[in-house]
Amino acid sequence: MFRKEFSEVISQTGMIPAKDLRSVLLDEDPKSISELGLLDLDFFDDIKFAKILAEKYKLTFIDLTKAKVKERTLKLIKKSDVIKYRALPIQKTAKAVSVAIYDPTIVELKTELQTVFQHQVEFILTNLSAWKKIYGRVTESIDELLSTIKEVKPEEDNADGQEEDIGDEIINYVNRLLADAFIKKASDIHVEPYEKSFRIRFRIDGTLHEVSTPPTKLMKPMVSRLKILAQMDISEKRKPQDGRIKLSIGGQPIDYRVSSLPTLFGEKIVLRLLDQSNLQLDMTKLGFEAKQLEVFKNGIHQPYGMCLVTGPTGSGKTTTLYSGLAELNQITTNISTAEDPVEFNLEGINQVNVRKEVGLTFASALKAFLRQDPDIIMVGEIRDLEVGEIAVEAALTGHLVLSTLHTNDAPSTVTRLLNMGIEPFLVVGSLNCVVAQRLCRRICIECREPVEASVEELVACGIAPSSASKIKVYEGKGCEFCNGSGYKGRVAIYEVLDMTAGVKDLVLKHASSDEIKKQAIKDGMKTLRMCALTKVAQGLTTLEEAVMNSASDKF
């Protein structure tokens, strides 16, 4: 858009002060409206702005904020072409493709776009924020990503001389596998050898899916290729090994935590994908309900004490702890963490990888932290009495301590500390709050539909009879977007225990976890089941997921 025309249109909106408008227009040759940072300006109304543009350029304006664009429609164009033309296909008919744009000057490229789509093109103008929301769902194809995969090698390559003669076929096969996992947002890749077969599975949204069964002749060279990338000893096939791969895929840095395990028919390799771009550090977006977030924030903003997060492996505990650390990470605060292993690098935080083989355990790391003038300490897990006692001592001597435990719910965490041998008065004096959490699979928004659920069934799950008749229950029927599973992504459910006077009194009396839970509910705590059923009522997850992920709750 020409500078003069742009200035006239944005001035008509009357929503940006002249001083801000001047700063926006400092760029002499903006390539697009999005590069001018309009959405970052206070009071900028992009819908109003888009409507003025639509009227000026005689285009139809549609607010696509809640539009349901099918996945197969978005795949009509490569992501690189979306970036190039700033155009998104939102509907296809036998005659034409409807293309959403936010910059009316794209109309000048109509001929080029018709060549790309091999169809007539009809333009629809939408607001920039709605366009970006749909753009966020566009993914590269495997072929597009293959050319972008680059190995990020450490400064000192310790694997010199280890490489076997691995052909281009295997390198390309492994790259395609990694690109496919990236596109499908898998959290883990399992490479599994058997006597007469060889299979690869991805863990997507917490569930394993078989994606291919390559010929068995590829098994050994593929395992060797992965071990070379992970800086592991390819000559050692009798012992478990751990390694790490650093790659750039589609311009995004991806870390893979790699583990090898000798099995009866060869080495099994599991890769855990650690994508920094998917790390959610804004705790307001994690899924806490308002009261739960208030209790958790109050706990971590105390000058001292202990805040614990509990749940099974893969329930999102690390994300919750990292979000808390991100909120507390200030230039005036010294934060140290002991992790096994460090999953994500956090700027401004001193992170230590636990290494038992050299004597660097959680306990020894904690002792070292206390000599480093700490304000906040995070220890990956309280596994035994020694670590528990050091953590409690640190919490009682003016430090904030964050850690995890493996228990079924928040009240059980208190009794676990007592069973470890920590005195009740120390638990009461040190513990600020406990967060228990699970991850439920989120219903696919593309194929979500209401289903019948009887009042009796809802009441049996824990929903109040007065509410059961009013709740709509949804499920996903399965579509291309969710690979037929009916689920896409996950949503967290929480149980946040506040150490109220009533709860502290019961702990001092050695009360059971059931008694503590009843008192906590009386004091306002929502259990995992209650939180899960709230997500069902909001249409975010299914009744089956809610019940399965809160099975420990008793009614």
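Along the sequence shown, the residues carry numbers beginning at 1.
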Distance-only donor-acceptor check, side chains Gln302 and Asn298, under 3.5 Å: yes
Gly380 to Phe362 - nearest heavy-atom pair and separation: N-CE2, 3.6 Å
Parallel, tilted or perpendicular, as decided by the 30° and 60° cut-offs, for the rings of Phe288 and Phe296: parallel
Side-chain H-bond candidate by donor/acceptor type, Ser336 with Gln372, under 3.5 Å: no
Flag, side chain of Asp498 to backbone of Thr500, donor-acceptor distance under 3.5 Å: no
Polar side-chain atom of Asp205 near backbone of Gly489 as donor-acceptor pair, under 3.5 Å: yes
Check: Asn432 side chain, Tyr304 main-chain N or O, donor-acceptor pair, under 3.5 Å: yes
Contact check, side chains of Val414 and Val427, non-hydrogen atoms, under 4.5 Å: yes
Exam field: side chain Asp384 to backbone Val387, donor-acceptor pair closer than 3.5 Å: yes
Val507 vs Phe425, side-chain contact (heavy atoms from CB on, under 4.5 Å): CA-CA, chis, key distance, verdict: CA-CA 8 Å; Val507 174; Phe425 71 91; over 6 Å; no
Exam field: side chain Thr407 to backbone Ser412, donor-acceptor pair closer than 3.5 Å: no
Side-chain touch Leu321/Thr404, heavy atoms, less than 4.5 angstrom: yes
side-chain hydrogen bond (donor to acceptor under 3.5 Å, both in side chains) evaluation trace for Gln519 with Asp523: CA-CA 6 Å; Gln519 181 62 46; Asp523 292 340; 3.1 Å; yes
Step-by-step side-chain contact (heavy atoms from CB on, under 4.5 Å) determination, Val451 to Tyr474: CA-CA 6 Å; Val451 294; Tyr474 293 88; 6.0 Å; no
Test side chain to side chain contact (heavy atoms under 4.5 Å, CB included) applied to Cys440 and Val547, Leu540, Val536, Val491, the passing residue: Val491
Test item: Gln292 and Lys297 side chains (from C-beta on) under 4.5 Å apart, heavy atoms: no
Which atom of Leu405 lies closest to which atom of Lys317, heavy atoms considered: O-CD, 4.3 Å
Whether Gln231 side chain and Arg244 backbone form a donor-acceptor pair below 3.5 Å: no
Verdict with supporting geometry, Glu544 and Thr542, side-chain hydrogen bond (donor to acceptor under 3.5 Å, both in side chains): CA-CA 5 Å; Glu544 178 185 11; Thr542 62; 4.9 Å; no
Neighbour count >12 (heavy atoms, 6.0 Å) for atom CD, Gln538: yes
Test item: Asn353 side-chain N/O and Val342 main-chain N/O as donor-acceptor pair under 3.5 Å: yes
Within 6.0 angstrom of Glu357 CD, more than 12 heavy atoms from elsewhere: yes
Close side-chain approach of Thr527 to Asp409, heavy-atom, < 4.5 Å: no
Whether Phe344 and Tyr322 hold their rings parallel, tilted or perpendicular, with breakpoints at 30° and 60°: perpendicular
Any side-chain heavy-atom pair of Ile390 and Glu386 under 4.5 Å: yes
Spatial distance of atom CZ (Arg257) from atom CG (Leu274) [nearest 0.5 Å]: 6.0 Å
Side-chain heavy-atom pair Thr337, Ile377 within 4.5 angstrom cut-off: no
Sidechain-backbone polar pair: Asn350 side chain, Ile335 backbone, donor-acceptor under 3.5 Å: yes
Close side-chain approach of Val455 and Ser469, heavy atoms under 4.5 Å: yes
Thr333 versus Gln330, side-chain donor and acceptor atoms under 3.5 Å: no
The single option from Leu528, Leu533, Thr541 passing side chain to side chain contact (heavy atoms under 4.5 Å, CB included) against Ile493: Leu528
Lys518/Asp514 under salt bridge (Lys or Arg N to Asp or Glu O under 4.0 Å): CA gap, chis, key distance, verdict: CA-CA 6 Å; Lys518 288 177 183 177; Asp514 284 344; over 6 Å; no
Flag side-chain contact, heavy atom, 4.5 Å: Lys526 against Glu495: no
Minimum heavy-atom distance Arg383-Lys356, with the two atoms named: NH1-NZ, 3.4 Å
Non-hydrogen atoms of Leu396 and Leu426 that approach each other most closely: CD1-CD2, 3.6 Å
Donor-acceptor contact present, side-chain Lys477 to main-chain Gly486, <3.5 Å: no
Enclosure of Lys522 NZ (heavy-atom neighbours >12, cutoff 6.0 Å): no
Glu545 (side chain) donor-acceptor with Arg441 (main chain) under 3.5 angstrom: yes
Atom of Ser403, atom of Ile382 and distance for their closest heavy-atom approach: OG-CG1, 3.3 Å
Residue pair Ser512, Lys517: steps toward the side-chain hydrogen bond (donor to acceptor under 3.5 Å, both in side chains) verdict: CA-CA 9 Å; Ser512 67; Lys517 174 177 274 193; over 6 Å; no
Heavy-atom closest contact (Ser315 atom, Gln437 atom, distance): O-NE2, 2.9 Å
